[in-house]
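Model, not experiment: these values are computed from the prediction. Count residues from 1 along the sequence.
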Amino acid sequence: MNHYTCMLVALPLAGAAILLFGGRRTDAWGHWLGVLAVLGSFGVGATMLSDLLSRDSEHRAIHQTLFTWIPVNEFQVDPGLQIDQLSVCFVLLISGVGSLIHIYSVAYMAEDPDRRKFFGYLNLFLASMLLLVVADNYLVLYVGWEGVGLASYLLISFWYHKPSAATAAKKAFVMNRVGDAGLVVGMFLMFSTFGTLSYAGVFAGAAAAGPGKTGVLTVMGLLLLLGACAKSVQVPLQAWLGDAMEGPTPVSALIHAATMVTAGVYLIVRSNPLYNLAPGAQLGVVLVGFVTLLFGAFIGCAKDDIKRALAASTMSQIGYMVLAAGLGPAGYAFAIMHLLTHGFFKAGLFLGSGSIIHAMHEEQDMRRYGGLRAALPITFITFGLGYLAIIGVPPFAGFYSKDAIIEVALADGGARGYTLGGAALLGAGVTAFYMTRVMLMTFFGEKRWAPGSHPHEAPALMSGTMILLAFGSMFSGGLFAIGGTLPHWLEPVVGAHEESTHTLPDWISTTLALAVVAVGILVAYQKYGRSDIPRVAPVQVSALTIAARRDLYGDAFNEEVFMRPGAQLTDALVEVDNAGVDGSVNALAALVSRTSNRLRGLQTGFARSYALSMLAGATLLVAAILAVQLW
């Protein structure tokens, strides 16, 4: 079975190569090749899962070394692949949900003249993400990490004729480079400390390091966290996500549900042996998740663009995952559980938004929707099931995973536990508010359509994928949670789930969570369900609404704290270069030039001048010799 592991990456990578280098001759069938390539990866992943299930829990890992790469003195990294309980979860999510998004895209991009290129980029995206999660060392992970960054840039800017799309892609690319720098420096520190970049070597070295290396491990963990913040849109590197909605809607679904933004969570959970030995780094993870889950939730309350509202939701939900991962062995499995359930309902919500936008002739402002439940019945039902899942209504998927994170946060004990649990509960209530707002503004109330609009249901390929994802929104949470299925499955990788001594009764945390969700729904209904919604956003609003509309001033903060000082520093360095470096070189050149001009005057061309010069020189030489002799 080992030799099949590389096929997970090879199939979509081959699809990307054929579609991108095959040219227009592949236009007629290229999109189906892209679909088959990803379905092939899903089939290989399912076979891998079957193989793992046939083994006992201690031997559920498949390793494959491809070839020797970069042997330089003591530094040698072999591209190795690894399938274990954690990576196979990501493989099936990436290839499974990715396949459905590919199928949806066949219809969604049917009229686009560059559809073949679009599918080539999608294949490249999935190949990079699959490489990231099946790598057995940090350097190969980094190759996939950068491939994901490149593919996201190409897909966000796919409609590059729109200046907003080109700008959004550059913004995402630059902000991710900041995080990537953290990951790279962290890898340098790993090699200088442990002499290896393999997971097994780094984790064994960390375990053997002892208390004297706690500071180094903390720095490593914080550098990895910086990389995770950029990929998984966590504060302070979250500002690129909303603008990334300029790409085609299937790209948004892929980024938010199955690829890019899940990479940071994977990095943290995969590196759990490091974080378990570095409490300071764990605290950093907790704080980032704590801030981001509230940050994204409040932003989502004020967005009228349906895709931007869902993007803010992703930021918040990833915050829940990061918070859980920061709680150590008590939370690792639940972070992954929420990531998997989120993959289903968030993909369904984004594809549903694509169906709505398609029906409304590319209109994305929810203030110009209303009353769409009758015109788009399948979209209404599937989107509604995703809505119930994300707000955590039982027995839908999000109830099991988000409720588990809230329980673990509350059980952390003391003031910290109540603070984290309170934030998680508040986030659940705010999520219920803004998602109910999305439902009411889109599907209920009076029609606010543009004159001449005649919305209609999406084609069968689009509707069919939304229906399949709706089943995941309904049943995946119970499948993972009942009987502790997923925590038990992940135990060999992330450690046994640790019950806190401060654990509250389950019914208390569940009741609290459902209560705040109910409050969020009621508040949204009072505000948006019982009054007319203006087609133009009101101007006279609270300061919090203004801040949320401006993404809580994330861009303004980056501009004032980083961009402007950076530009001033660059200008100063340019001045130093111009006046110092270039100035000294230019001054030397001018001195040589002036000196040569003076010396050139001695070259008169007259023999008598040269004879006189020779006589003067000989006289000076004789005088010097006589002076030495007399001395």
Side-chain angles (χ1 to χ4, degrees), residues 149 152-153 155-160 162-179 229-257 259-264 288 291-319 322 342 346-347 349-350 353-354 356-357 362-367 390 427 430-431 433-435 437-438 441-442 537 541 544-560 562-563:
S152 67
Y153 171 81
L155 286 167
I156 294 169
S157 64
F158 185 74
W159 289 327
Y160 57 85
K162 296 164 53 180
S164 56
T167 301
K170 288 188 289 185
K171 183 177 181 180
F173 192 82
V174 170
M175 294 198 74
N176 272 275
R177 296 292 72 71
V178 176
C229 284
K231 278 289 185 290
S232 291
V233 288
Q234 299 294 283
V235 174
L237 297 175
Q238 81 293 342
W240 64 268
L241 189 65
D243 294 332
M245 297 305 97
E246 291 292 337
T249 299
V251 175
S252 303
L254 198 59
I255 288 175
H256 289 252
T259 57
M260 192 157 176
V261 298
T262 65
V288 165
V291 172
T292 307
L293 76 88
L294 296 176
F295 205 92
F298 284 119
I299 290 174
C301 293
K303 294 299 181 184
D304 294 330
D305 184 311
I306 188 171
K307 287 175 65 176
R308 286 180 178 263
L310 295 177
S313 165
T314 297
M315 187 192 309
S316 180
Q317 298 306 306
I318 299 292
V322 172
H342 178 266
K346 185 51 62 70
L349 289 169
F350 263 109
S353 73
I356 296 164
I357 294 167
E362 305 308 313
E363 177 61 69
Q364 296 183 197
D365 190 341
M366 293 184 293
R367 293 185 177 277
I390 193 173
V430 178
T431 299
F433 171 81
Y434 69 72
M435 286 305 303
R437 175 179 181 267
V438 170
M441 292 180 71
T442 301
V541 293
L544 181 58
T545 301
I546 294 173
R549 286 178 178 174
R550 298 179 182 177
D551 298 333
L552 297 183
Y553 303 108
D555 285 331
F557 176 84
N558 289 333
E559 183 173 336
E560 291 298 326
F562 298 110
M563 191 280 286

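No donor-acceptor distance shorter than 3.5 angstrom exists from the side chain of W240 to the backbone of V174, with no hydrogens or angles considered. A distance-only check finds no donor-acceptor pair linking the side chain of R550 to the backbone of D555 [under 3.5 Å]. The closest donor-acceptor contact from the side chain of S316 to the backbone of A312 lies at 3.5 Å or more, if one exists at all. Under the 3.5 Å distance criterion, the side-chain polar atoms of T167 are left unmatched by any main-chain donor or acceptor of S164. The backbone N or O of T259 lies less than 3.5 Å from a partner atom in the side chain of T262, making a donor-acceptor pair. Listed for the R308 side chain is no donor-acceptor partner under 3.5 Å among the backbone atoms of D304. Formation of a donor-acceptor pair under 3.5 Å by the T249 side chain with backbone atoms of G354 is not found in this model. A donor-acceptor pair under 3.5 Å is absent between the side-chain atoms of S252 and the main chain of M245, judged by distance alone.
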Please report the C-alpha distance between F562 and F557 in whole Å, then the side-chain angles of each, then the deciding distance to 0.1 Å, and finally whether the side chain to side chain contact (heavy atoms under 4.5 Å, CB included) criterion is met. CA-CA 8 Å; F562 298 110; F557 176 84; 3.9 Å; yes
Side chain to side chain contact (heavy atoms under 4.5 Å, CB included) assessment of M563 paired with N558: CA-CA 6 Å; M563 191 280 286; N558 289 333; over 6 Å; no
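For the pair K346 and H256, the tightest heavy-atom approach, listed with the atom from each and the gap, is CG-CB, 4.0 Å. Between G427 and L293 the shortest heavy-atom distance is CA-CD1, 4.0 Å. Here the closest heavy-atom approach between residue C301 and residue V430 is recorded as SG-CG1, 3.4 Å. Across every non-hydrogen atom of T292 and G319, the tightest pair is CB-CA, 4.4 Å. The nearest pair of heavy atoms linking S353 to I306 is CB-CD1, 4.0 Å. In terms of heavy atoms, I255 sits closest to V261 at O-CG2, 3.1 Å.
Using a 4.5 Å cut-off on side-chain heavy atoms (C-beta onward), F350 and T314 make contact. Within the 4.5 Å cutoff, the side chain of V235 has heavy atoms near those of the Q238 side chain.
Taken from CG in D305 to CD1 in I357, the straight-line distance is 7.0 Å, to the nearest 0.5 Å. Atoms CE and CG, from M175 and L237 in turn, are 5.0 Å apart once rounded to the nearest 0.5 Å. The CG atom of L241 sits 5.5 Å away from the CE atom of M315 when rounded to the nearest 0.5 Å. Within the model, atoms CZ of F295 and CG of L552 stand 4.5 Å from one another, a figure rounded to the nearest 0.5 Å. Taken to the nearest 0.5 Å, the CZ atom of R437 stands 9.5 Å off from the OG1 atom of T442.
Sorted by first then second residue, the salt bridge (charged side-chain N to carboxylate O under 4.0 Å, His left out) pairs that include residues 229-241, not counting sequence neighbours, are D180-K231.
Taking the ring axis of F173 as reference, the NZ or CZ atom of R177 stays within 45° of it and closer than 6.0 Å to the ring centre.
Residues that satisfy the side chain to side chain contact (heavy atoms under 4.5 Å, CB included) test with E560, not counting sequence neighbours, are R564.
Annotation: Y160, atom OH; neighbour count of heavy atoms from other residues, nucleotides and ligands within 6.0 Å does not exceed 12.
With salt bridges taken as basic N to acidic carboxylate O contacts below 4.0 Å, one links D551 and K303.
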